[in-house]
Amino acid sequence: MPELPEVHTIASDLKTTIEGFRIDDVELEKGYKVYPTADYFAKTLVGAHVDKVGRIGKNIVLKLDSPNFLTFHLAMTGRLLLKDPTTPKALHQRLQLTLSNKGESVALRFCDARMFGKVSVWTGQELRKLKAKYGPDVLTQELLPQDFAARLKIKNTSVKNALLEQATVAGLGNIYATDALWLAKIHPETKTRDLDLQQATDLLKAAKDILAEGIAHRGSTLPDEAYVDVFGQPGHHQKYFRIYGKTFCPVCTTRVDYKKLNGRGTYFCPSCQK
DNA sequence: ATGTTTGTTCCGAT
DNA sequence: CATCGGAACAAACA
């Protein structure tokens, strides 16, 4: 997916475009599964207004003017697109919400080639449960270096794996975690229990910096264009990757090492990252 | 044909 | 019972 910067970009664009809009219609593609059920879905959404748009980890959250919340998780290949309702169905379109406000009408389309993504409606209580499954957001100021260090320390795995676990901290995915470790000069296979407070502090700052950059660049779009923003436009952060996908370290020009960690492609500089 | 892929969840092993 | 890592989910592309 879309990691935190891409999800953030989508949520903030939806905030300025569809807050206050009424959901007039829900069109589910045949055979596409939503949660809890298609019937409940249509019944709960039609007629509701989008009150607020936000984010929990990598979930985009639409707070409705009813006791309900609509969430989108894009997983690897999910997209949310805003289109004129009269335009043809998007590629791999799974769900469309038609929204309107003051005579203006717009289609919010959820598309997902691989169907790892999820669209759900939750009650307030259920949403709190969802939120409880996530650790603190990497970008929240409330996450202090000491807390971050403690959260890492209790894991019995490599720092790279721990960073990808949303229950440890929320928001990082494979690309930004890889670059954050490079920026903090920490080897991805370092056991979390071997990290000292200074390293954890450096890593948290690196992660915040990398994510903030990603947001400033409106996310990363790889050659397959799995991620584009709600207007169909690519992000730019892929031009600023530090080590992800690189052959040579941008600082010391050492040849980059590539290794699979828990099945995820991991790039690191064997010279800078000890 | 084989190996890749921005994510998460489930299951078996420990 | 808790935790970890690999497989699975499924499609497009090189």
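Numbered from 1 within each chain, the chains take letters A, B, ... in sequence-line order. These numbers were taken from a predicted model, which means no experiment stands behind them.
Checking A:D224 against A:S158, the closest nucleotide of DNA chain C that is more toward the 5' end is the one next to A:S158.
A:N174 comes within 4.0 angstrom of sugar-phosphate atoms only, judged by non-hydrogen atoms across all strands, and of no base. Looking at heavy-atom distances under 4.0 Å, A:A226 makes contact with a base. Contact annotation for A:F241: no contact, since no heavy-atom pair falls under 4.0 Å across all strands. Using a 4.0 Å heavy-atom cutoff across all strands shown, A:G263 reaches no nucleic acid atom at all. In this structure, A:L222 reaches the bases: a heavy-atom distance under 4.0 Å links it to at least one base atom across the strands shown.
Pairs engaging residues 29-48 of chain A under the side-chain hydrogen bond (donor to acceptor under 3.5 Å, both in side chains) rule: A:E29-A:K89 [sequence neighbours left out].
A donor and an acceptor atom never sit less than 3.5 Å apart when one is taken from the side chain of A:R264 and the other from the base of B:dT5.
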Given protein heavy atoms under 4.0 Å, the one-letter contact record of nucleotides 9-14 of chain B, with B base, S sugar-phosphate only and - none, is simply S-----

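Residue A:H73 places none of its side-chain N or O atoms closer than 4.0 Å to OP1 or OP2 of B:dG7. Regarding contacts with the backbone of C:dG5, a side-chain N or O of A:T157 is found under 4.0 angstrom from either OP1 or OP2.
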Secondary-structure notation, DNA chain C, from Watson-Crick and G-U pairs under 3.5 angstrom (| other strand)
.||||||||.||||

Set out, in order, the CA-CA distance, both residues' side-chain angles and the distance that settles side chain to side chain contact (heavy atoms under 4.5 Å, CB included) for A:C269 and A:I243, then state yes or no.
CA-CA 8 Å; A:C269 172; A:I243 198 82; 4.2 Å; yes

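Checked options A:Q141, A:R151, A:E142; the residue passing with A:P136 is A:R151 (criterion: side-chain contact (heavy atoms from CB on, under 4.5 Å)). No option in A:L62, A:L97, A:V230, A:I23 other than A:L62 meets the side-chain contact (heavy atoms from CB on, under 4.5 Å) test with A:I18.
Considering only the side chain of A:K155, C:dC4 comes nearest among B:dT6, B:dT8, C:dC4.
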